[in-house]
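Worksheet: the structure to be examined is printed underneath.
Here is how names work: the chains are called A, B, and so on, in the same order as the sequence lines, proteins then strands, and each is numbered from 1.
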Amino acid sequence: MQLNLNFSTMSISELSGQEQQRRDSLQKLRDLGINAYPAELFPVNSYANELKSDFEDGKQVILAGRMMSQRIMGKASFAELQDSTGRIQCYFNRDELCPGEDKTLYNEVFKKLLDLGDFIGIEGRLFKTQVGEISVHVDHFHLLAKSLKPLPLPKTDAEGKVYDAFTDPELRYRQRYVDLVVNPQVKETFIMRSKAMNSMRNFFNERGYLEVETPILQPIPGGAAARPFVTHHNALNIPLYLRIANELYLKRLIVGGFDGVYEFAKDFRNEGMDRTHNPEFTVMEIYVAYKDYNWMMEFTEQMIEQVAQDVCGTSEISVGGKAISLKAPFQRVTMRDAILEHTGFDIQGKTEDELRAACEQLGIPTDPSMGKGKLIDEIFGEKCEGNYIQPTFITDYPKEMSPLCKEHRENPDLTERFELMINGKEVANAYSELNDPIDQRERFEEQLRLSEKGDDEAMFIDQDFLRALEYGMPPTSGMGIGIDRLVMLLTDNSSIQEVLFFPQMKPEVFEKKGPELTENEKIVFDILSKEKSMDLNALKERSGLSNKQWDKSIKGLSKHGLTKVTKTDDALTIDVVG
RNA sequence: GAUUCCGUAGCUCAGCUGGUAGAGCAAUACACUUUUAAUGUAUGGGUCCUGGGUUCGAGCCCCAGCGGGAUCACCA
């Protein structure tokens, strides 16, 4: 029946007015014989920013990008073109673009059928307007790709004040492509991220270390204490884990004879999400043979300074309004001294009970499952960590916290481990790596006992890794650095979501708006279709619906275009349309 | 997980003690040959996140849910 006709066109009526207009423009372009999505390459030879920095009057240029604004003044117009480097103004003159009688290209195509956001290609020459704005005098333009959805359009005035900024975090993260188009500083953040990784890569390559790749799907998720994601391999019919770290594989490569290996690795942890944690994140880990953690501290501080130079152009950065100097060397403080300084308590030689008592005294909650290492870690995390704004190496961690780290050469309760703290947060973590296979096996067994006590993050025993160590691993120092957190520092962002292109979010629900009438709408429509025309109140009586349900239903029917309400002097009448 | 705030036009946001949904930009039409948040005139544009409830009447009040932000807790 007739209903079907109405409903079949519904998907089109779901479009906003502006979306519909753009589709109409697209059709008109096609009617004019213009392909809105041409296949051939466009021979770009210039970019907005370099044209502005190296102005050369009259230079012939070909460039392409999105048209982001249009100022039409009769026979002449200005438009802004945004390419990957920035924006440049373009000048369109009707009688130059259309020298003959036919002004369609300017009057119709440029002025009416092009929309903001469309990709166009420009051929023209550089000049400066009377106001001094560097612009391209357009000789020819080509539609390269039509945009069917209107972009948000932030505007900046002469004083640099931004209006109508696209700021809603949900929309920005879910539609990062839009965020990147309209928010230049967002793009800059990700360019800096790429520079940081390139800088580190260069730093390592110059020293002869090898970039490698190791498995992401691991039968035993080792190298860290964390809950993994599990998946299943069909052909092998075994569970596989997404890696929580790549440490054990990189050490196997040192066993195999490489002097230095590093990997930029995506790790995965099935834990909470907040402004500093995303379920997948990027870590750089590097292992260098014949070195210890003292060497690694020097290596790390040099690397950080170099990265800051390459990314920010300076080692003096500002984070959340605080000035931080990333110039090497960094301060070194043992964990014992750090705790002594900030609490007055000396952890040296203390028993578990004494440590627990100290925690109570400091107001730090404890529970019976915490061992010595955990208690010390709590004190440090609670009372010390936040104080290290300037880069500081905290060294010599308790043994229980570090099952893969070599025992300290002077104190068997400690390990040769450091963490680099910047802005009160951990940025890097490094060891003199444990290479004694017998000691390593005992440490794993200790982890197993923790696991049996209910610690679901205790490490698994990796027998193959132990076998590798038994063949012999040279003394080695390893270091891991959280790339996301480092980039947060360098770009002065306090949320990890700002430095990930696509932070994890709950899946978006794309509502399917069914063409079906709701039950209530059907009830109302059935009554009405028998009568064709009714008094509104009479219909409401007959329907027996509550006020709210009645209201929804009657609005829904009008929306579907099935009914029409007309107002006479003192009554409302409803009719079936058509 | 707890607390708290938010969800209204394509975008940014108003919306009074509950009384027929507003502005700027964007869009449409017209004018305008070096403008620049261009300007002037006119016009169109809404599932007020969803579902219940209270009410003669809900964008607003109540309940439940969805999504997001912030803070805290947990966790490397």
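In this structure, B:C75 makes no Watson-Crick or G-U wobble pair, since no nucleotide meets both defining distances under 3.5 angstrom. Within the shown strands, B:G19 is the pairing partner of B:C56 under the Watson-Crick or G-U definition, both distances less than 3.5 Å. B:G67 is paired with B:C6 under the criterion used here, namely a Watson-Crick or G-U wobble arrangement in which both key atom distances are under 3.5 Å.
Residue contacts shown for A:Glu426 include a base, since a base heavy atom lies under 4.0 Å away. Heavy atoms of A:Lys75 sit under 4.0 angstrom from at least one base atom. Using a 4.0 Å heavy-atom criterion, one finds that A:Asp95 contacts the bases of the nucleic acid, with or without backbone contacts as well. At a threshold of 4.0 angstrom between heavy atoms, the contacts of A:Arg174 are confined to the sugar-phosphate backbone, with no base atom among them. A:Lys149 comes within 4.0 angstrom of nothing in the nucleic acid, heavy atoms only.
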Practice prompt. Would you give a per-nucleotide map of nucleotides 2-13 of chain B, 5' to 3', where B means the base has a protein non-hydrogen atom under 4.0 Å away, S means only the sugar-phosphate does, and - means neither?
Written response: --------BSB-
Close N or O pairs between protein and nucleotides 39-41 of chain B (under 3.5 Å):
none

Please write out each protein N/O paired with an N/O of nucleotides 70-73 of chain B under 3.5 Å, distance rounded to 0.1 Å.
none

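Counting heavy atoms from C-beta on, the side chains of A:Ile134 and A:Ile88 come closer than 4.5 Å.
A donor atom on one side chain and an acceptor atom on the other are found under 3.5 Å apart for A:Asp396 and A:Tyr293.
Taking 4.0 angstrom as the limit, A:Lys155 places none of its side-chain polar atoms (N or O) nearer than this to OP1 or OP2 of B:C25.
The side-chain contact (heavy atoms from CB on, under 4.5 Å) search around A:Glu400 returns A:Lys372, not counting sequence neighbours. Listed by chain and number, the residues in a side-chain contact (heavy atoms from CB on, under 4.5 Å) with A:Pro150 are A:Gln18, A:Glu19, A:Arg22 (sequence neighbours excluded).
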Would you give me the side-chain donor-acceptor pairs under 3.5 Å for residues 70-78 of chain A, sequence neighbours excluded?
| from | atom 1 | to | atom 2 | distance (Å) |
| --- | --- | --- | --- | --- |
| A:Gln70 | NE2 | A:Phe110 | O | 2.8 |
| A:Arg71 | NH2 | A:Gln89 | OE1 | 2.7 |
| A:Ser77 | OG | A:Tyr106 | OH | 2.7 |

